[in-house]
Number of protein chains: 2
Amino acid sequence: MKLQKPTATADRLVDIAESLFAEKGFYGTSIRDLADGIGIAKSSLLHHYPTKQKLYGAVLKKLANEMTLEVKGISERFADEKEQIFQLVQLLCDNSEKKPNRVNIILRELLDNPKRAEKAKKWFFVDYFKELTGMIKSGQDKGLFKPVNPEIFILQLLGAHRYLIISLPTVRQFFDESIYQQILKNHRAELETFVKERLMKEKGDHNGIYRNSV
Amino acid sequence: MKLQKPTATADRLVDIAESLFAEKGFYGTSIRDLADGIGIAKSSLLHHYPTKQKLYGAVLKKLANEMTLEVKGISERFADEKEQIFQLVQLLCDNSEKKPNRVNIILRELLDNPKRAEKAKKWFFVDYFKELTGMIKSGQDKGLFKPVNPEIFILQLLGAHRYLIISLPTVRQFFDESIYQQILKNHRAELETFVKERLMKEKGDHNGIYRNSV
DNA sequence: CAGTCTACCGACCGATCGGTAGACTGTCAA
DNA sequence: TTGACAGTCTACCGATCGGTCGGTAGACTG
């Protein structure tokens, strides 16, 4: 029985850790919570990951690998940079519904990273970020995109999306339900418009994933 | 000596709490850290704020009041909605340099708020957010702005800015210093361009805080 | 069947957590 | 002068923290 799933426990730990770290953060999550979450003893957790920090690192690594792969997949499947960017927007929006933990963990990591000081070790998301800015630069080289600063554009795009996502629970709690629903419904289109206006040159009204609604 | 500053300790506690909560989050900050930070005993802290949660609440309240006042100040000083929005961008950028703790606390609050469940009590930033969306709606009523969804636009604007701000330490740590400097230098202008393209109607090339560079 | 390995466990460690109790101080109003 | 009181302190509490320790069960290897 055990042999059938040789590393099942370690994987399950990463899964539960992803959701608990997303929900309560690194310091707000105890290794007891994590162990209890999958029904093993605390010392068993520490058998697989000798410190909480190591487990957290495994979560980050898995997350970064998945995300980098997804983005590289877009680069490979679509030759046109315009199409790539719009696919990226789709990916962001789809994933914040399908994998809601991701955005939380990334934001928490950005906030805590300066103090946790995992220096010397290369940060997990460097490849991810460079892949994204690479898309922009490539499109600019071909004259498809406006000459925005690629890094700033990506940060603004990710920020516009992710900040909205983490605001949703609060919006729902303290504002009218109708406002919340409006945001949910139109966010994707507004993000596409953001990309179009901010990045695309006027002429060449690109392949219409999204028609200008105004 | 004590009487000269009757409530000085309570205020100093809010100050140190603002910076420590910003840096390490609610769960990452202990009341011992806070008390040591201003050189008083832990129980003295608890005399002024009976729980850590109450102190945290005081920090949020002060922050929200300051920010709401600043935004209302813009509404009052400038009649033109276009000008108001550009002043808002200035305010955001200036404050993230002058009061770097703010963005961190706000982001952490958005992340933790769903679980901390301070329900029943009105959230501190409701007024702030409504003031901002009010600006947009007012400008739209006068036909100055495009018919974007006001709530989404504000969330995207705040997100584009604040996400970039909290990313800066990480960018500096893991990317070339030149990239970091480029971001610092151009962020404000890129944010203004974002507002112009996303919100302003084409005609009426408004008072030129920032010329279209493309 | 001895040796080795992985997975897991309960008991325990020192440290730190948020919070309480009670004593002492100085100030101020009656 | 006295009593109330805000502010501060030391000492302490039970709970929980991250992590260690010694040991068990079972599977695989020679």
Side-chain angles (χ1 to χ4, degrees), chain A residues 1-60 105 108-109 112-113 115-118 121, chain B residues 1-60 105 108-109 112-113 115-118 121:
Chain A
M1 189 177 75
K2 305 291 172 52
L3 191 58
Q4 295 167 1
K5 305 179 175 181
T7 57
T9 302
D11 288 345
R12 284 200 303 153
L13 275 174
V14 172
D15 289 341
I16 187 71
E18 184 180 311
S19 78
L20 289 190
F21 283 143
E23 186 188 339
K24 311 199 284 180
F26 182 79
Y27 299 108
T29 305
S30 72
I31 55 180
R32 282 174 180 81
D33 295 338
L34 295 163
D36 290 351
I38 62 165
I40 64 170
K42 182 170 56 101
S43 47
S44 302
L45 183 156
L46 291 163
H47 167 72
H48 294 280
Y49 299 94
T51 67
K52 185 164 82 157
Q53 189 67 245
K54 291 262 175 61
L55 175 54
Y56 177 79
V59 172
L60 274 196
I105 290 192
R108 290 188 187 279
E109 168 65 12
D112 289 338
N113 183 28
K115 104 159 264 272
R116 198 147 42 217
E118 321 178 47
K121 185 172 55 172
Chain B
M1 189 178 75
K2 305 290 172 54
L3 190 59
Q4 295 168 1
K5 304 180 178 183
T7 57
T9 303
D11 288 344
R12 285 201 302 153
L13 276 173
V14 172
D15 288 342
I16 186 71
E18 183 180 312
S19 79
L20 289 190
F21 283 143
E23 186 188 340
K24 309 197 286 180
F26 182 79
Y27 298 109
T29 305
S30 71
I31 54 180
R32 283 176 177 79
D33 294 338
L34 294 163
D36 289 351
I38 62 166
I40 65 169
K42 181 169 55 98
S43 50
S44 302
L45 181 155
L46 292 163
H47 168 74
H48 295 280
Y49 299 94
T51 66
K52 186 166 81 158
Q53 189 67 243
K54 293 261 175 61
L55 174 54
Y56 177 78
V59 172
L60 275 196
I105 290 192
R108 290 188 188 277
E109 168 65 10
D112 289 338
N113 185 28
K115 102 160 267 274
R116 198 148 44 216
E118 320 180 48
K121 185 173 54 175

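Chain letters run A, B, ... following the sequence lines, proteins first and then strands; every chain starts at 1.
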A correct dot-bracket answer for DNA chain D, with pairs being Watson-Crick or G-U at under 3.5 Å, [ ] for crossing pairs and | for inter-strand pairs, is ||||||||||||||||||||||||||||||
Whole-Å distance between [N] [atom2] and [X] [atom1]?
X: I40(A); N: dC9(C); atom1: CD1; atom2: P; result: 6 Å
X: I31(A); N: dC17(D); atom1: CD1; atom2: P; result: 9 Å
X: K52(B); N: dT20(C); atom1: NZ; atom2: P; result: 14 Å
X: L13(B); N: dG7(D); atom1: CG; atom2: P; result: 11 Å
X: Y49(A); N: dT6(C); atom1: OH; atom2: P; result: 15 Å
X: Y56(B); N: dG18(C); atom1: OH; atom2: P; result: 15 Å
X: R12(A); N: dA7(C); atom1: CZ; atom2: P; result: 13 Å
X: L45(B); N: dA6(D); atom1: CG; atom2: P; result: 17 Å

Side chain of [X], backbone of [Y]: donor and acceptor closer than 3.5 Å?
X: K52(B); Y: T29(B); result: yes
X: R32(A); Y: A41(A); result: no
X: R108(A); Y: F26(A); result: no

Which of parallel (below 30°), tilted (30 to 60°) and perpendicular (above 60°) describes F21(A) and Y56(A)?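 Answer is perpendicular, since the angle exceeds 60°.
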Working to the nearest 0.5 Å, report the span between CD1 of I16(A) and OG1 of T9(A).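 So the CD1 of I16(A) and the OG1 of T9(A) are separated by 13.0 Å.
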Applying a 4.0 Å non-hydrogen cut-off, can you work out what S30(A) is touching in the nucleic acid: base, sugar-phosphate, or nothing?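 Result for S30(A) = sugar-phosphate.
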Using a cut-off of 4.0 Å on non-hydrogen atoms, how would the nucleic acid contact of A41(A) be classed: base, sugar-phosphate, or nothing?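 The residue A41(A) makes sugar-phosphate contact but no base contact.
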Evaluate the side-chain proximity of I40(A) to L13(A): yes if any heavy-atom separation is below 4.5 Å, no if none is.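 A side-chain contact under 4.5 Å exists here.
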The side chain of [X] lies closest to which of these nucleotides: [options]?
X: T9(A); options: dC8(C), dT20(D), dT20(C); answer: dC8(C)
X: H47(B); options: dC9(C), dG18(D), dA6(D); answer: dA6(D)
X: L46(B); options: dT8(D), dA7(C), dT20(C); answer: dT20(C)
X: R32(A); options: dG18(C), dC17(D), dT10(D); answer: dC17(D)

Distance-only donor-acceptor test (3.5 Å): side chain S43(A), base dT20(D):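 For S43(A), whose side chain was compared with the base of dT20(D), there is no donor-acceptor pair (under 3.5 Å).
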Could you tell me whether the phosphate oxygens of dT8(D), OP1 or OP2, come under 4.0 Å of any side-chain nitrogen or oxygen in H48(B)?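 Checking H48(B) against dT8(D): at least one side-chain N or O falls below 4.0 Å of OP1 or OP2.
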Using a strict threshold of under 4.0 Å (side-chain N to carboxylate O), is an ion pair present between K24(A) and D112(B)?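 Looking at K24(A) together with D112(B), the answer is no, because their closest N to O distance does not fall below 4.0 Å.
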Which residue lies toward the 5' end of DNA chain D, P50(A) or D33(A), if each is placed at its nearest nucleotide?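 Nearest-nucleotide comparison on DNA chain D picks D33(A).
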